[in-house]
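One structure is given below, encoded as structure tokens.
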Number of protein chains: 2
Amino acid sequence: MTAAELVFRQLLGAITSGELAPDAMETEERLAARYKVSRTPLRDAVRRLEQLRLLVREPARGLRVPPLSMREMHDLSATREVLEGLLASCAADRVARGMARIDRLRDIHARHLRVLGINDPELALSVGFDFHEELRRLSGNESAAACHEQVLLGFDRYRHLARAVPERHDRIAAEHTEILAAIEAGRAQAAEIAMRRHIAAGRELYVEVLSRMISD
Amino acid sequence: MTAAELVFRQLLGAITSGELAPDAMETEERLAARYKVSRTPLRDAVRRLEQLRLLVREPARGLRVPPLSMREMHDLSATREVLEGLLASCAADRVARGMARIDRLRDIHARHLRVLGINDPELALSVGFDFHEELRRLSGNESAAACHEQVLLGFDRYRHLARAVPERHDRIAAEHTEILAAIEAGRAQAAEIAMRRHIAAGRELYVEVLSRMISD
DNA sequence: GGACACATGAATGCATGTATACACGAACGT
DNA sequence: ACGTTCGTGTATACATGCATTCATGTGTCC
């Protein structure tokens, strides 16, 4: 692990968790000192975070984390919706052609269903996320996968909103079941539609929770 | 313009044009010498190109441009299709709500139609591209726009294929007319569908031309 | 009193020396 | 002769000093 990669992940965590507060002004130098690396690897990490718009630069002022916004969440979710629809469609195609094995996706989903029984919302959310990440690999579409990864990194800042609606866990799993079935059957279009519905349904909840938290 | 940004664009051009040949091995140091910058800004540019998968690194060996492939072109085009569908849909929405002005898109398209008359294929392609870039701005969806920009940068390597089918220019413009009309009317779904058809139709041609050029 | 120009300090872009890590080949041992 | 290990060279990750750029505040001129 390089120092640049390490500090990237640390910063990502700090931003996602809110530990690095929105609108607090930082400089590369202070961040380098805080994370005990020189400015070179830190700059590298900051550049990547700027690409993801998790940090924005005010020329000659410094860096800041932009505040959460309904608008950004909506845009990220809409982008995620079309990209994951494509991932699901590609995955169904590849499975149908015998170009990819679906075992891991099945395993993850089975674990998801088991976890529902033990009432551990945090774990359920985490396994639910694994489902989407495995689907990204399964799609075999590197271009879509790269975009999807970036969008999800941005979306992570809003993920904690899901904790506000624990009663949704059963529905999430049910929607995953439907997506998995379509992929197993090689029905690309059905998989795409089911996935888009799934993401859109999640967005509705997020909008509701978020609207109670911010003005925007 | 920073040195890093400048060398990024130069490298991008060299890769896109084929001047930097696929599979030729380079090192950061040689590239820095060639472009007359120090290793620091060059590294910065190389990092960005790696993110775009326009350069791949062989550990401790160097950097190389991956060869064109049917698979990559297909993946890029499929990703482009869903993203631009979303951009068109967002743009139609924003125009309908009076949140964005469509004038520039109209102007670009009018110029496109005029250019068809003077038989300059290169210029027609270029103005056709402007249409897609203006649409990106018009969408107001920063997340989708960022993904789209990345995908198009990757797709640039395949763009010269369009020169092989000059007779398509009229059809491109006709499809743009349809997309523009849907956006002007605020019909988001119609705009999305028209755009997806447009991208998919282009892909068919690219597949045909490319299949005659590479084994893959 | 307002606007513009310049001085100043901070932030970061850039250059370069050094440390580290890895591939490859050679040489030795089995 | 083949496999393993160690030497060597190369590629790049990192640290740090210097150059450049820009925001801000002050003073002067109109």
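Scope of the values below: all heavy atoms of this structure, side chains included, with no hydrogens, waters or symmetry mates. To find a chain, count down the sequence lines: A is the first, B the second, and so on, and within it residues start at 1.
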Exercise for the section: Round to the nearest Å and state the distance from B:Phe8 atom CZ to C:dG13 atom C1'. Expected result: 18 Å
Exercise for the section: Give the first and the last nucleotide of DNA chain D, reading 5' to 3', that has any atom under 4.0 Å from a heavy atom of chain A. Expected result: D:dA13 to D:dT24
Practice task
Rounded off to whole Å, could you give me the CZ-to-C1' distance for the B:Arg43 and C:dA15 pair?
Solution key: 14 Å
Handout entry: Protein-nucleotide distance (A:Arg30, atom CZ; C:dT12, atom C1'), rounded to Å
Key = 13 Å
Practice task
Supply the atom-to-atom distance B:Ile102 CD1 to B:Asp107 CG, rounded to the nearest 0.5 angstrom.
Solution key: 10.5 Å
Practice task
Record whether the side chain of A:Thr27 comes under 3.5 Å of the base of C:dA11 through a donor-acceptor pair of N or O atoms.
Solution key: no
Fill in the blank from the handout: In whole angstroms, the gap separating P of C:dA11 from CD of A:Glu29 amounts to 8 Å
Handout entry: Whole angstrom value for the distance that separates C1' of C:dA15 from CZ of A:Arg39
Key = 12 Å
Fill in the blank from the handout: Separation of C:dT12 atom C1' from A:Glu26 atom CD, nearest Å, is 15 Å
Handout entry: B:His112 and B:His169 aromatic centres sub-6.0 Å
Key = no
Handout entry: Separation of atom CE in A:Met25 from atom C1' in C:dA11, rounded to whole Å
Key = 10 Å
Fill in the blank from the handout: 5'-most contact on DNA chain C (nearest-nucleotide basis), A:Thr40 vs A:Arg61, goes to A:Arg61
Handout entry: A:His176 and A:Phe131 aromatic ring geometry - parallel, tilted or perpendicular at 30°/60° bounds
Key = parallel
Fill in the blank from the handout: side chain to side chain donor-acceptor pair (under 3.5 Å) with A:His198: of A:Arg203, A:Glu175, A:Glu81, only one passes, and it is A:Glu175
Fill in the blank from the handout: Atom NZ of B:Lys36 and atom P of C:dC14 are separated, to the nearest Å, by 17 Å
Practice task
May I ask you to decide if the ring planes of A:Phe155 and A:Tyr206 are parallel, tilted or perpendicular, using 30° and 60° as cut-offs?
Solution key: parallel
Handout entry: A:Ser77 side chain to A:Met73 backbone, donor-acceptor under 3.5 Å
Key = no
Practice task
Run through B:Ile179, B:Leu138, B:Val95, B:Asp130 and flag the one making a side chain to side chain contact (heavy atoms under 4.5 Å, CB included) with B:Leu105.
Solution key: B:Leu138
Exercise for the section: Give A:Arg57 one of three labels, base, sugar-phosphate or nothing, depending on what nucleic acid heavy atoms sit under 4.0 Å from its own. Expected result: sugar-phosphate
